[in-house]
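Inspection log for the structure reproduced underneath, given as structure tokens.
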Amino acid sequence: MKKISFIFIFFLFSSSLLADDNKKEIDKLFVQLKSALNFENSKKIEDKIWDLWTTHPTKNNLTKLLADGSSAMMDNKLDAAYDKFTEVIELDPNWAEAWNKRATVLYLMGKYELSQADIDKVLMIEKRHFGALTGQGLVQTALKNYQKAIDSYIEAHKVHPFMKSPMIMMEKLQIELQKQSI
């Protein structure tokens with residue numbers, strides 16, 4: 001019994017260390033992202049961040065489940081993708097990327113308010129999630145909340161200064177706001 005207790009405690013401790021290492025690495029990458037010298041350099045850093053975000057820090061089965069959901073989403077099997085991402089969320093509600101993926105599926109399904117609710121969860125867990133911030137811009141654009149969309153893109157740009165889509169979208173949304181004021 002003592003041996004089983006020791007193994008369980010060791011497993012919990014090592015899982016916690018892996019999660020802490022993951023967070024420290026992401027923090028370090030965000031510092032590098034803010035000080036990137038050019039788009040190419042920022043893209044390499046962004047790719048490393050996405051690799052960490054899409055890899056569960058302690059449970060390989062959740063990484064695989066997330067990847068299965070992403071494959072279903074790419075194959076336009078949105079209901080299956082939604083179910084996979086929901087399962088991941090149920091198994092680890094603190095993994096921001098599971099919420100982000102489900103928010104994406106909900107957006108693709110046209111369920112914008114539900115997508116926004118999941119984006120809110122992502123940003124509670126990881127406020128620097130530039131993918132969720134740009135996704136929020138898309139959701140708010142679909143809801144015709146153009147100023148909120150612009151605000152989301154401004155936040156994404158602050159976090160990831162070399163990301164191109166926020167600047168492009170802000171320009172387009174400014175035109176929409178001008179049309180509304182006429």
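All values derive from a computational prediction rather than experimental measurement. Residues take their numbers from the sequence shown, with the count starting at 1.
- In terms of hydrophobic clustering, with Ile, Leu, Val, Met, Phe, Trp and Tyr side chains grouped at heavy-atom distances under 4.5 Å, Leu52 and Trp50 are assigned to a common cluster.
- If you take CD1 on Ile45 and CG on Leu29, they are separated by 7.0 Å, rounding to the nearest 0.5 Å.
- For Glu87, the salt bridge (charged side-chain N to carboxylate O under 4.0 Å, His left out) criterion is met by no residue, not counting sequence neighbours.
- If you take NZ on Lys59 and CG on Leu66, they are separated by 14.0 Å, rounding to the nearest 0.5 Å.
- Contact detail for Gly69 and Ala81: the closest heavy-atom pair is O-CB, 3.3 Å.
- Contact of the Tyr107 side chain with the Thr104 side chain is not registered, since no non-hydrogen atoms from C-beta on lie closer than 4.5 Å.
- Within 6.0 Å of CE on Met109 lie more than 12 heavy atoms contributed by other residues, nucleotides or ligands.
- Counting only heavy atoms from C-beta outward, the side chains of Gln32 and Lys28 approach each other to under 4.5 Å.
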Under 3.5 Å, which donor-acceptor pairs do the side chains of residues 139-156 form with other protein atoms, sequence neighbours left out?
unit_1	atom_1	unit_2	atom_2	d
Gln140	OE1	Asn145	ND2	2.7
Gln140	NE2	Gln116	OE1	2.9
Thr141	OG1	Gly137	O	2.7
Gln147	NE2	Asp151	OD1	3.0
Ser152	OG	Gln136	NE2	2.7
Ser152	OG	Lys148	O	3.1
Tyr153	OH	Leu138	N	3.3
Glu155	OE2	Lys158	NZ	3.0

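- By the rule that hydrophobic residues join a cluster once side-chain heavy atoms approach within less than 4.5 Å of another member, Met167 and Leu177 end up as members of one cluster.
- Hydrophobic clustering (side-chain heavy atoms under 4.5 Å, transitive across Ile, Leu, Val, Met, Phe, Trp, Tyr) keeps Leu133 apart from Met124.
- Screening residues 32-43 for salt bridge (charged side-chain N to carboxylate O under 4.0 Å, His left out), with sequence neighbours left out, gives Lys43-Glu46, Lys43-Asp47.
- The CD1 atom of Ile49 lies 5.0 Å from the CG atom of Leu33; values are rounded to the nearest 0.5 Å.
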**Report entry** Worked verdict on Asp118 versus Phe85 for side-chain contact (heavy atoms from CB on, under 4.5 Å)
**Finding:** CA-CA 11 Å; Asp118 278 7; Phe85 298 140; over 6 Å; no
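- Scanning for salt bridge (charged side-chain N to carboxylate O under 4.0 Å, His left out) contacts around Glu176 gives Lys179, with sequence neighbours left out.
- Through direct or indirect side-chain contacts shorter than 4.5 Å among Ile, Leu, Val, Met, Phe, Trp and Tyr, Phe162 is connected to Phe39.
- His56 pairs in a side chain to side chain contact (heavy atoms under 4.5 Å, CB included) with only one of the listed residues (Leu91, Leu62, Leu65), which is Leu62.
- With respect to Lys64 and Asp68, a salt bridge is recorded, a charged nitrogen being found less than 4.0 Å from a carboxylate O.
- Between the side chain of Thr63 and the backbone N or O of Thr55 there is no donor-acceptor pair closer than 3.5 Å.
- Aromatic ring pairs are classed by plane angle as parallel below 30°, tilted from 30° to 60° and perpendicular above 60°; the pair Phe130 and Trp53 is tilted.
- In this view, His157 satisfies the ring-ring contact (aromatic ring centres under 6.0 Å, His included) rule with no residue, not counting sequence neighbours.
- Between Asp92 and Val88, every side-chain heavy-atom pair lies at or beyond the 4.5 Å cut-off.
- In this structure, a donor-acceptor pair under 3.5 Å is present between the side chains of Asn100 and Glu97.
- Within the structure, side-chain hydrogen bond (donor to acceptor under 3.5 Å, both in side chains) contacts touching residues 73-85 (residues at least two apart or in different chains) do not occur.
- When all heavy atoms of Ile119 and Gly135 are compared, the closest pair comes out as CD1-C, 3.8 Å.
- Taking Asp27 as the reference, Lys23, Arg128 meet the side chain to side chain contact (heavy atoms under 4.5 Å, CB included) condition, with sequence neighbours excluded.
- Looking at residues two or more places apart in sequence or on another chain, you find a side chain to side chain donor-acceptor pair (under 3.5 Å) between Thr86 and Arg102.
- With sequence neighbours left out, Lys48 forms a salt bridge (charged side-chain N to carboxylate O under 4.0 Å, His left out) with no residue at all.
- Distance check, rounded to the nearest 0.5 Å: NZ of Lys164 to OG1 of Thr134 gives 15.0 Å.
- As a member of the Ile/Leu/Val/Met/Phe/Trp/Tyr network built from side-chain separations under 4.5 Å, Trp99 groups with Ile89, Val122, Ile125.
- Members clustered with Val31: none, using a 4.5 Å side-chain heavy-atom cutoff among hydrophobic residues.
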